[in-house]
S.K.: 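Please find one structure pasted underneath; my questions will follow.
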Amino acid sequence: MKTNRRETLRYLGVKVPDERTLALVERAEQEAEECVFPRFTFRLFPLEREPLAVGGTPLEGADIAAYLKGCDEVYLIAATLGFEAEKRINFLMQSSPALGVALDAVCTSVLESFLDEQCRKLQEGSKKRLKPRFSCGYGDFPLSQQRDMVRLLDTGRKIGVFLSESLMLAPQKSVTALVGAGERARGKSEGCSACGKKDCAFKKELK
């Protein structure tokens, strides 16, 4: 399990942590060691055009079309930390709220680091250039396409990830995404840089 303390502190909204905050984060990292069980799955599809589609499913929105420019294949990916992490966060939110909040931030950081690692492995195994992952909800790529992601990846059976009627993934610490691939793939249409939201508290500081 890899953690990124800088990212954890960002999720907590802390730029200059004091000793008390650092001690809390360290406790949360220890908690995470006991309840985080990352799982990952993926499928590689040829990119269909006119209309733009993956696995026979049309992809909606101008932002996903721009992201996939220069790509001829698409990896659909999904990852989760499992229900144990969610249950532990919920328990601590009631019994020790500060630690619960810290564990929530640590788990988010762990999930992002885990996804980064899996994407690096996909790149190592591919002869094509892979773009940074792109998830439903980025820009005008609708959250409703989460249904298609879950169905095409069969996430419930493969990694125990399900979708609620409100289009939220369960366990909560789960992510689905697309990764464009192609010899002519270019650009860094990644997460925060691709999203038009200006008031997000968790927006990364882009260099």
Side-chain angles (χ1 to χ4, degrees), residues 1-12 22 24-45 54 74-93 96 99-126 130-138 141 143 145-164 166-181 190-192 194-195 202-204:
M1 186 192 79
K2 292 184 178 180
T3 62
N4 184 325
R5 187 166 290 186
R6 180 179 177 182
E7 286 297 285
T8 296
L9 292 170
R10 183 173 68 84
Y11 291 125
L12 288 171
L22 290 174
L24 184 66
V25 169
E26 185 173 350
R27 284 184 60 196
E29 290 170 347
Q30 294 170 354
E31 289 279 348
E33 292 283 354
E34 302 297 324
C35 66
V36 166
F37 303 99
R39 300 178 70 185
F40 177 77
T41 189
F42 75 92
R43 286 184 68 184
L44 178 61
F45 292 88
V54 169
V74 177
Y75 289 88
L76 299 190
I77 66 173
T80 185
L81 300 187
F83 278 108
E84 289 301 316
E86 182 172 325
K87 288 191 289 187
R88 188 59 181 167
I89 290 170
N90 291 339
F91 172 79
L92 289 173
M93 286 294 191
S96 181
L99 183 56
V101 170
L103 178 58
D104 185 86
V106 167
C107 286
T108 300
S109 172
V110 169
L111 181 57
E112 290 295 313
S113 295
F114 178 65
L115 279 163
D116 289 343
E117 180 181 2
Q118 299 306 313
C119 287
R120 282 193 295 270
K121 290 179 180 179
L122 291 179
Q123 180 63 83
E124 290 169 0
S126 176
L130 270 59
K131 301 189 74 171
R133 59 186 181 272
F134 197 101
S135 288
C136 301
Y138 287 175
F141 187 40
L143 194 60
Q145 297 229 236
Q146 197 90 267
R147 295 191 189 95
D148 304 310
M149 301 285 288
V150 167
R151 174 179 57 82
L152 290 169
L153 285 169
D154 193 12
T155 59
R157 183 176 64 86
K158 291 184 176 179
I159 61 172
V161 172
F162 305 91
L163 191 68
S164 71
S166 58
L167 304 178
M168 301 303 293
L169 294 173
Q172 292 180 3
K173 296 303 178 184
S174 304
V175 168
T176 64
L178 294 87
V179 177
E190 180 182 12
C192 292
C195 184
F202 302 113
K203 191 176 183 69
K204 290 185 178 180

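Residues take their numbers from the sequence shown, with the count starting at 1. On a predicted model such as this, the values are computed, not experimentally measured, just so you know.
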S.K.: Got a second to check how far Leu152's CG is from Arg147's CZ, nearest 0.5 Å?
M.R.: 13.5 Å
S.K.: Just wondering, more than 12 heavy atoms not from Lys2 lying within 6.0 Å of its NZ?
M.R.: no
S.K.: Answer yes or no: is there a donor N or O on one side and an acceptor on the other, between the side chain of Ser126 and the main chain of Gln123, under 3.5 Å?
M.R.: no
S.K.: Verify, without hydrogens or angle tests, whether Ser96 (side chain) and Leu92 (backbone) share a donor-acceptor contact under 3.5 angstrom.
M.R.: no
S.K.: Atom CG in Leu178, atom CZ in Phe134: separation rounded to 0.5 Å?
M.R.: 8.5 Å
S.K.: Does a side-chain heavy-atom distance below 4.5 Å link Leu169 with Val150?
M.R.: yes
S.K.: Is the shortest side-chain heavy-atom distance between Thr176 and Ile77 below 4.5 Å?
M.R.: no
S.K.: Would Arg120 and Glu117 pass as an ion pair if we require N to O under 4.0 Å?
M.R.: no
S.K.: Would you say that Leu76 contacts Phe45 through its side chain, given a criterion of any heavy-atom pair below 4.5 Å between the two side chains?
M.R.: yes
S.K.: Can you see which heavy atom on Gly160 is nearest to which on Phe83, and at what distance?
M.R.: O-CE1, 3.8 Å
S.K.: For the residue pair Ala85 and Val36, what are the closest heavy atoms and their distance?
M.R.: CB-CG2, 4.2 Å
S.K.: Could you walk me through whether Val175 and Leu115 pass the side-chain contact (heavy atoms from CB on, under 4.5 Å) check?
M.R.: CA-CA 9 Å; Val175 168; Leu115 279 163; 3.7 Å; yes
S.K.: Please identify each residue that fulfils side chain to side chain contact (heavy atoms under 4.5 Å, CB included) with Thr3, with sequence neighbours left out.
M.R.: Met1, Glu29, Val106, Val110
S.K.: Side chains of Thr80 and Lys173: donor-acceptor distance under 3.5 Å anywhere?
M.R.: no
S.K.: A side-chain contact here means heavy atoms from C-beta on lying under 4.5 Å apart; do Glu7 and Arg10 qualify?
M.R.: yes
S.K.: First locate atom CE of Met93, then atom CZ of Arg88, and finally report the distance between them rounded to the nearest 0.5 Å.
M.R.: 12.5 Å
S.K.: Closest approach of Cys136 and Met149, non-hydrogen atoms and distance?
M.R.: SG-CG, 3.9 Å
S.K.: Supply the atom-to-atom distance Cys35 SG to Leu103 CG, rounded to the nearest 0.5 angstrom.
M.R.: 5.0 Å
S.K.: More than 12 foreign heavy atoms under 6.0 Å from CZ of Arg5: is that the case here?
M.R.: yes
S.K.: Does atom CZ of Phe42 have more than 12 heavy-atom neighbours, drawn from other residues, nucleotides or ligands, at distances under 6.0 Å?
M.R.: no
S.K.: Looking only at heavy atoms, which two atoms of Tyr75 and Ala181 are closest? And how far apart?
M.R.: CE1-CB, 4.1 Å
S.K.: Could you give the distance from CD (Gln172) to OG (Ser164), rounded to the nearest 0.5 Å?
M.R.: 9.5 Å
S.K.: side-chain contact (heavy atoms from CB on, under 4.5 Å), that's the test. Do Asp154 and Arg157 meet it? Break it down for me.
M.R.: CA-CA 6 Å; Asp154 193 12; Arg157 183 176 64 86; 2.6 Å; yes
S.K.: Short question: side chain of Thr155, backbone of Ile159 - any donor-acceptor pair under 3.5 Å?
M.R.: no
S.K.: What's the separation between atom OG1 in Thr8 and atom CG in Leu22, rounded to the nearest 0.5 Å?
M.R.: 11.0 Å
S.K.: Provide the closest heavy-atom pair for Leu99 versus Glu31 in the form atom of the first, atom of the second, distance.
M.R.: CD2-OE2, 4.1 Å
S.K.: For a quick test of reading the model, state the closest non-hydrogen atom pair linking Ser174 to Val161 and the distance between them.
M.R.: OG-CG2, 3.7 Å
S.K.: Can you tell whether the side chains of Lys121 and Glu124 come within less than 4.0 Å, N to carboxylate O?
M.R.: no
S.K.: Tell me if a side-chain donor or acceptor on Arg39 pairs with a main-chain N or O of Lys158 at a distance below 3.5 Å.
M.R.: yes
S.K.: Within the 4.5 Å heavy-atom criterion, are Glu112 and Asn4 side-chain neighbours or not?
M.R.: no
S.K.: Taking Asp116 first and then Arg133, would you say they form a salt bridge - that is, a charged N and a carboxylate O separated by under 4.0 Å?
M.R.: yes
S.K.: Is Ile89 close to Glu86 at the side-chain level, that is, under 4.5 Å between some pair of heavy atoms?
M.R.: no
S.K.: Could you check Leu44 against Val74 for side-chain contact (heavy atoms from CB on, under 4.5 Å), going step by step and ending with a plain yes or no?
M.R.: CA-CA 6 Å; Leu44 178 61; Val74 177; 6.0 Å; no
S.K.: Does the side chain of Leu130 reach to within under 4.5 Å of the side chain of Cys119, using non-hydrogen atoms?
M.R.: no
